[in-house]
Amino acid sequence: MTFSGRHVISIADFSRGDILTVINAARAIEMQSAPRTELVGGKLMATLFFEPSTRTRLSFEAAMQKLGGRVIGLSDAASTSTKKGESLADTIRMIEQYADVIVIRHPRDGAARLASEVSRVPIINGGDGGNQHPSQTFLDLYTIAKLYPALLDGSAPLTIAFAGDLRYGRTVHSLLTALCHFRVKLVLVAPRGLEMPAEYLQQAAAVGMDVSEAPNLQDAIAQADILYMTRLQEERFPDPLEFDHIKASYRITAHMLSDARQSLRVLHPLPRINEIAIDVDQTVHAHYFAQAGNGIPVRQALLGLVLGVLI
Ligand code: CP
């Protein structure tokens with residue numbers, strides 16, 4: 001399916017071939033010695049962020065500007081007409097007249113899908129509630145494929161461990177869906193009550209993915225090629241007391257990695273809070289800042305594809 005004009009709402013909307021198209025486009029962009037500043041010249045991207053963001057918003061803005069495009073946006077819903085009661089659908093009907101592509105983050109599951117149903121210009125979901133974060137998934141896959149090319153050719157199954165808040169963490173939901181296209185073993189380790197929702201386990205089962213639960217982080221570290229940490233999503237916890245109770249229970253330190261295989265890499269969509277001690281940054285295993293850096297070529301690729309200037 002062509003990318004031109006396409007919405008990017010859920011990773012489930014993308015085939016294995018689509019995912020490879022994005023990864024290959026990002027690789028080509030990253031390998032260029034000179035930036036393609038003419039690619040989307042004259043095009044405008046709007047960022048509508050109804051929830052806080054550092055990486056997603058700024059890396060989309062950087063990506064658009066590196067392609068020669070321009071950016072308008074809001075990062076504070078309280079300063080917009082949403083505050084007066086304007087609906088999301090009406091907001092989108094306005095913004096589509098100002099911009100060629102819209103990146104939206106919203107606290108409500110399904111908000112990006114709703115936006116896509118009323119928009120003539122491509123909508124890119126920058127995260128909707130606890131649901132999906134597809135551009136993060138493309139950059140996570142790109143990062144894993146750079147570290148372990150075997151992800152793409154299937155020559156050796158990778159073991160990927162997801163740790164932390166697997167219930168509310170939208171990045172692990174999207175990533176699990178995408179990994180169903182590849183040959184991986186999945187190890188899950190989560191506090192009680194924050195396990196991976198059944199619908200995602202069913203997706204993995206449907207493709208015959210080898211999924212197991214680890215009793216603790218140390219056990220997951222011993223098995224994994226990639227340890228994908230997530231933060232506890234405090235803002236999505238219905239009960240603050242429950243949050244306080246378990247927030248200290250999922251944390252890795254450099255000491256815990258001292259016997260890990262050298263090739264183990266720790267990823268995290270960021271921001272981290274308690275779950276990765278600062279001393280991990282100095283180890284060979286820390287890869288989360290490089291992962292965030294991969295957001296630029298991947299988001300350049302996505303923008304170029306949906307704006308129809310890359311094929
Ligand atoms: N990874 C990610 O979504 O980060 P931000 O919340 O800072 O955008």
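Along the sequence shown, the residues carry numbers beginning at 1. We count ligands from 1, going down the list as the structure has it; atoms in each ligand are counted the same way.
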Sub-4.0 Å atoms of ligand 1 with respect to non-hydrogen atoms of Leu270:
1 (N), 2 (C), 4 (O)
Can you hop from Ile252 to Ile273 via hydrophobic side chains spaced under 4.5 Å?
no
Tell me, which protein residue and heavy-atom name are nearest atom 6 (O) of ligand 1, and how many Å apart are they?
Arg105 NH1, 2.9 Å
Counting non-hydrogen protein atoms only, what is the nearest one to atom 4 (O) of ligand 1? Give residue, atom name and distance.
Arg55 NE, 3.1 Å
Output yes when the distance from some N or O of ligand 1 to some N or O of Arg57 is under 3.5 Å, and no in every other case.
no
What is the ring orientation for His173 with Tyr200, classed by angle as parallel under 30°, tilted 30 to 60°, or perpendicular over 60°?
parallel
Under a heavy-atom criterion of less than 4.0 Å, does Glu51 contact ligand 1?
no
Atoms of ligand 1, numbered as shown, that sit under 4.0 Å from any heavy atom of Thr54:
5 (P), 7 (O), 8 (O)
Pro269: numbered ligand 1 atoms lying under 4.0 Å from its heavy atoms
1 (N), 2 (C)
Hydrogens and angles aside, do Tyr142 and Gln291 bring a side-chain donor and acceptor to less than 3.5 Å of each other?
no
Arg105 pairs by side chain to side chain donor-acceptor pair (under 3.5 Å) with which of Asn125, Thr56, Asp128?
Thr56
Could you check whether Asp18 and Ser15, counting side-chain N and O atoms only, form a donor-acceptor pair closer than 3.5 Å?
yes
Examine the side chains of Gln132 and Ser174 and answer whether a donor and an acceptor come within less than 3.5 Å of each other.
yes
